[in-house]
Amino acid sequence: MRLCRFGAGRLGVVDGDSVRDVTAALDALPCYRYPLPCADVFIAHLEALAPRIRVLAASAPALPLAGLTLLSPVANPGKLIAAPVNYQKHLDEVRADPNLHHQAPIPVIQRAGLFLKATSSLAGPGEGIALRKLDRRNDHEVELACVIGRRASHVSRDRALEHVAGYTIGLDITIRGPEERSLRKSPDTYSILGPWLVTPDEIDDPGQLGIRLSVNGSLRQSSNTSDLLLGIPELIEYASSFYTLAPGDVIFSGTPEGVGPIRPGDVITAAIDGIGAMEVRVRAA
Ligand code: MN
C-alpha cells in the first residue's frame, strides 16, 4: 500500500496516477488530552487501521495525483534520525573537498554515529524547500528513509525489519559550514519526506534499490542502496542500542556521492526504485 498525505492534512491511498481519499479512517484514532504521546499516532495505529483504509479506498473517488499538494507522509515524528557519510564514495568526496569538510575530521559512520534533525524541519514535496543563508552553500542529499512502525529498543539486525512501517524518499538539505550537523540541517523545510509511504510488503529488500536525484533535469546523484555502509537493519540495530525508537520515528539512511548546491528557482527530482519519484521546488526563505 502507498499512503500519502495531501492538501489540508488529508490521507490518501495512491493508486497509479490517482489518489483515493481515505481521511475518514483517521476517525478511528484515539483522542488525546495534553500531554500528547511522543510518537506519530497514525503510524502507531497503521496496522489496526489498514483494513478500514482498504475498504474506504475501494469506493472513494479517484483524485488526479498531479493536482495535489503532497505533505510529508508522517505528520508528527518524535525523532528525525540521520546517518552521516554512509556511502563510501560520499565519504571519499567529502574528505577530498574542503567545501564539504570545512577542516573538520570526517570519521567513518561506525565512529561518527548518528545525528538528529529538528522535527520542525520536516515538510512534504508539495511544500517545497525554503533556503536560508543564501551567502553559503546549500546542498541536496537524497536518501532512502525508513519509518519505524513498532517500539524498538535493543533490536538485533535480524529482527530489525519487523519494526518498519514503510519506506519513503528523504531529502536531507544541508547548509555547508563548520557548525554541528544538527544545526546546519534543521532549518524549516530542510527535511523533505515523500512522495508517499510504501509499506514493507511492496519492498522485497531495502538494500537493493536504485536511488537518483536530478536538479533542473540534470542528473547529480545515482547509486544503489546496496552501497550503504550500514544498511537499514544495521541502522535500526545501532540506533535502538542508544535510544528507543517509537512509531513514526524516521531514519534518513545517508546520501550517496554527487551532492551539490541548490539555489532558489531550482527544481529537484528525487527517485527511488520501488517507491516512486517526487518533484520539489526550491525558493528563498
Ligand atoms: Mn544526509
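Given the structure is predicted, the values throughout are model-derived calculations rather than measurements. Numbering of ligands and ligand atoms starts at 1, following listing order.
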(message) A quick test of your reading: do over 12 heavy atoms of other residues, nucleotides or ligands sit less than 6.0 Å from CD of Gln110?
(response) yes
(request) Can you check the number of protein N/O/S atoms within less than 2.8 Å of the Mn ion (ligand 1)? (result) 3
(request) Would you verify whether the NZ or CZ of Lys79 falls within 45 degrees of the ring axis of Tyr243 while also being under 6.0 Å from that six-membered ring's centre? (result) yes
(request) Could you check if a side-chain atom of Leu171 sits within less than 4.5 angstrom of a side-chain atom of Leu213, using non-hydrogen atoms only? (result) yes
(request) Grab the two heavy atoms, one from Ile175 and one from Pro187, that are nearest each other, plus how far apart they are. (result) CD1-CG, 4.0 Å
(message) Ignoring hydrogens, what is the shortest heavy-atom contact between Asp172 and Phe252? Give both atom names and the distance.
(response) CB-CD2, 4.3 Å
(message) Run the side-chain hydrogen bond (donor to acceptor under 3.5 Å, both in side chains) test against His140 and tell me which residues pass, sequence neighbours left out.
(response) Arg220, Gln221
